[in-house]
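One-based numbering along the sequence shown.
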Amino acid sequence: MAGHFPFVGTRGVRYGLAPRMTIAAFFEDHHMNEALQERYYRWWYDQAKHFVEQDSDLRAFVGSTLESYPYGQHAAHGFHLNGKAWATTLSDLGDLIRDAILPRLDPATLDKLEADHGALLAELAAAAEDAPPPAPPDVGYFRHV
């Protein structure tokens with residue numbers, strides 16, 4: 001399956017580790033500032049919403065949860081995230097994509113999704129050169145203090 005999507009790992013989710021850290025590292029590795037992180041998230045949100053609308057089972061099960069943007073239990077929270085709210089929000093959306101959408105895709109659709117994702121990353125990389133993210137703070141991103 002699509003191993004290069006930042007939210008597809010299951011070990012951290014199953015063992016209580018925070019997948020948002022993996023996603024935050026993905027954003028940092030790709031030099032995405034907060035605006036680019038939102039663009040990346042929005043792309044996945046639109047993809048997920050489209051797939052849910054096309055599948056009657058998914059539409060009945062989770063269709064109403066995608067009526068408001070952003071998706072998930074952390075959608076309106078910035079609390080202790082120090083500018084990394086999109087990593088947490090993508091973690092919530094990624095759970096839906098990883099567990100309910102990706103297993104339903106045929107190989108051709110998954111290949112197209114991977115190609116479109118690669119094109120998105122290339123576009124965001126070019127945009128990141130023009131607007132680099134701020135330097136990381138001295139305090140850890142996810143410290144609960």
* Give the minimum heavy-atom separation between A87 and A24, together with the two atoms involved. => CB-N, 3.7 Å

* Closest non-hydrogen atom pair, P6 against T22 -> O-CG2, 3.9 Å

Can you find a pair of side-chain heavy atoms, one from [X] and one from [Y], that are under 4.5 Å apart?
X    : Y    : result
F27  : L90  : yes
I101 : D55  : no
L93  : F7   : no
T65  : V52  : no
L120 : D116 : no
L113 : F5   : yes
H117 : W43  : yes

* Worked check of side-chain contact (heavy atoms from CB on, under 4.5 Å) between L96 and Y71 -> CA-CA 10 Å; L96 171 67; Y71 169 88; 3.9 Å; yes

* Asked: Taking NZ, NE, NH1 and NH2 as the nitrogens, is one of them in R39 or E123 under 4.0 Å from a carboxylate oxygen of the other?
  -> yes

* Just say parallel, tilted or perpendicular for the rings of Y41 and W86, cut-offs at 30° and 60°. => tilted

[atom1]-[atom2] distance between [X] and [Y], expressed to the nearest 0.5 angstrom:
X    : Y    : atom1 : atom2 : value
H31  : E129 : NE2   : CD    : 9.0 Å
I97  : D92  : CD1   : CG    : 11.0 Å
E114 : L105 : CD    : CG    : 10.0 Å

* Asked: Testing M32, E38, E34 for side-chain contact (heavy atoms from CB on, under 4.5 Å) with L36, which one passes?
  -> M32

* To do: Go through the steps for E53 and L66 under the test side-chain contact (heavy atoms from CB on, under 4.5 Å), then give the verdict.
  => CA-CA 10 Å; E53 288 170 349; L66 288 167; over 6 Å; no

* Do H50 and Y45 have side-chain N/O donor and acceptor atoms under 3.5 Å apart? -> no

* **Flag for D106-T109: side-chain donor and acceptor within less than 3.5 Å** => yes

* Centroid-centroid distance, Y40 to F26, less than 6.0 Å -> yes

* Who are the salt bridge (charged side-chain N to carboxylate O under 4.0 Å, His left out) partners of R42, not counting sequence neighbours? -> D46

